[in-house]
Amino acid sequence: MHPSIAPSSVADSIPLIIVSSEELAEVLATLPAPAKAFATAQGFAADTGSHLVLPDAAGGIAAVLFGWAPLKAEADPFLPGKLPPLLPEGTYRLERLPEAAAANAVLGFLLGAYRFDRYRTKKAPPKARLVLPPGVDGEEVTRIAEAVALGRDLINTPANDLGPDGIEAAARSVAGRHGATIAVTVGDDLLTGNFPMIHAVGRASAVAPRLIDLTWGDPAHPKVTLVGKGVAFDTGGLDIKPPAGMALMKKDMGGAAAALALADLVIGAKLPVRLRVLIPAVENAISGSSFRPGDILQSRKGLTVEIGNTDAEGRLILGDALALADEEAPDLIVDYATLTGAARVALGPDLPPFYTDDDALAARLASLSRAVNDPVWRMPFWSPYDSMLSSKIADVNHIAGSAFAGSVIAALFLRRFVDKAGAYMHFDIFGWTPSAKPGRPEGGEVQAARLVYAYLKERFGR
């Protein structure tokens, strides 16, 4: 079980009483007179997200009031995720919690307990623990919280400790834990293996580029392939980023982190699929061997690609990986990539766009995203914009000649490498929470991994 989950047999747990402002008078009337008087004296109004620790006669904690109306349409399902660092040490049980809100409430609490303290000499993890409410699967919620923590840790780790080789080590750890098979193509072997764009993007780094290929499951089961962008650090290449644009580029492997977190969930749940995870892992560095604007690259697909800007490197490495994924015509390909600033301009950091030509799949994802509180928003593979990728000297340019529709253009480029898959989804994620929210501490975030896990469970679950 997760360390923030207490044994269900704990009898002396502290009531954590959920109450809305409309219900406050009714709840206060059920409390002992001293507790009611204390709450009144403190002016507690049950504002959303507020809490109040009520003392008992001996100076201990009698209960905690928590302002929340979980069934309201505008309610944040993860609101209890703000409590772990705020509550005094102890074991708590949620009271007045509707069953429909219980699973997300617990998951939010566990996700809010996450801390990235690898580099801190003094570590101070939250000490509040939660007794599982009835009907919440402790093993499942633990599996989800730990997979998210895995992905967050990877994104939060700086590039001096997580280069392409570190991404490989993380993938090998996941494979070893679950008995999956892994193969890695490194350095110049990428050329002989026909991954020329991965090689070109990563060859300037002191750490060789590589393609990580993890497989698990019965080959007779439906084939699901995940592709994650693994740019350990992105300087922009010769089209170098300014300092502000480079500051967070340790997170440019957020797609790889999301794919590994999802793989950890799928394999941990033993879903009846043949899972494959492809991660092109590179550093977009600068040296005498950097690829250049104006270069023409060969691709695994056979298309020649004109380089319009070396800072649009992610779609190049994904192109080779997607072409490999597509060759075996899987039932579903899902790619994750911290791909475009244009997606953030359109939808902000918390709402990643996704692309698919499958309307039924898109509708189901939209519904599930609300249910599991992993928000996404569909954007179109708008085919009339394909012409914006035209090149005068190659089959395709990898960027458009204008500043319009940047996320759509990137998605259209990637779609050119997928022909045979039963369905294809592309997620243009940010991979980062800029300011802390309940259940989402500031830092790395594995967006859309929990969502796709919920979809795969529903579609392929036993």
Side-chain angles (χ1 to χ4, degrees), residues 1-6 49 51 53 64 78-92 106-130 141-174 176-177 207 228 230-235 243-258 260-261 264-265 281 283 338 349-350 429-447 449-450:
M1 288 292 183
H2 192 278
S4 290
I5 294 177
H51 77 286
V53 178
V64 176
F78 282 174
L79 194 61
K82 70 178 298 181
L83 291 172
L86 301 177
L87 292 175
E89 182 174 359
T91 298
Y92 298 84
V106 173
L107 180 58
F109 190 92
L110 302 189
L111 296 180
Y114 171 84
R115 292 293 178 272
F116 183 68
D117 56 9
R118 173 176 174 175
Y119 298 98
R120 291 190 178 276
T121 304
K122 185 177 181 180
K123 305 180 191 300
K127 298 178 180 180
R129 298 197 303 167
L130 198 64
V141 77
T142 294
R143 186 161 51 243
I144 294 172
E146 291 180 346
V148 170
L150 163 68
R152 287 174 174 175
D153 282 350
L154 292 174
I155 298 171
N156 286 326
T157 301
N160 61 310
D161 283 334
L162 192 80
D165 51 350
I167 297 173
E168 176 187 337
R172 288 190 181 277
S173 176
V174 171
R177 189 164 65 251
V207 181
V231 178
F233 193 84
D234 181 19
T235 65
M246 210 184 299
L248 274 182
M249 283 300 99
K250 69 177 184 178
K251 78 172 184 64
D252 212 20
M253 42 61 65
L260 287 174
D264 192 55
L265 286 169
E283 179 185 8
T338 50
D350 301 337
I429 65 174
F430 189 50
W432 192 263
T433 300
S435 57
K437 299 172 181 63
R440 293 182 172 93
E442 180 180 343
E445 190 57 73
V446 288
Q447 294 169 310
R450 293 185 296 104

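Along the sequence shown, residues carry numbers from 1. Hydrogens, waters and symmetry mates play no part in the numbers below; they use all other heavy atoms, side chains included.
Here Arg152 pairs with Glu445 under the salt bridge (Lys or Arg N to Asp or Glu O under 4.0 Å) rule; sequence neighbours left out. Partners of Pro84 according to the side chain to side chain contact (heavy atoms under 4.5 Å, CB included) rule, which considers only residues two or more places apart in sequence or in another chain, are Phe109, Ala113, Pro126. Residues forming a side chain to side chain donor-acceptor pair (under 3.5 Å) with Arg440 (at least two apart in sequence, or on another chain): none. With sequence neighbours excluded, the residues forming a side chain to side chain contact (heavy atoms under 4.5 Å, CB included) with Pro349 are Phe430, Pro434, listed by chain and number. Considering only residues two or more places apart in sequence or on other chains, Lys437 meets the salt bridge (Lys or Arg N to Asp or Glu O under 4.0 Å) condition with Asp350.
Contact check for Leu107 versus Val148: no side-chain heavy atoms found under the 4.5 Å cut-off. In this structure the side chain of Ile5 reaches within 4.5 angstrom of the side chain of Val141, judged on heavy atoms. Taking the side chain as every heavy atom from C-beta outward, His51 and Leu87 approach each other to under 4.5 Å. Looking at heavy atoms from C-beta onward, Trp432 lies in side-chain contact with Asn156 at the 4.5 angstrom threshold.
In this structure, OG1 on Thr235 lies 7.5 Å from CD on Glu283, to the nearest 0.5 angstrom. Going from atom CG of Asp264 over to atom CD1 of Ile144 covers 11.0 Å, rounded to the nearest 0.5 Å.
The backbone N or O of Gly49 sits less than 3.5 Å from a side-chain atom of Lys82, completing a donor-acceptor pair.
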Which atom pairs, donor and acceptor, lie under 3.5 Å between side-chain atoms of residues 115-122 and protein residues at least two apart or in another chain?
from, atom 1, to, atom 2, distance (Å)
Arg115, NH1, Gly112, O, 3.0
Tyr119, OH, Asp161, OD2, 2.6

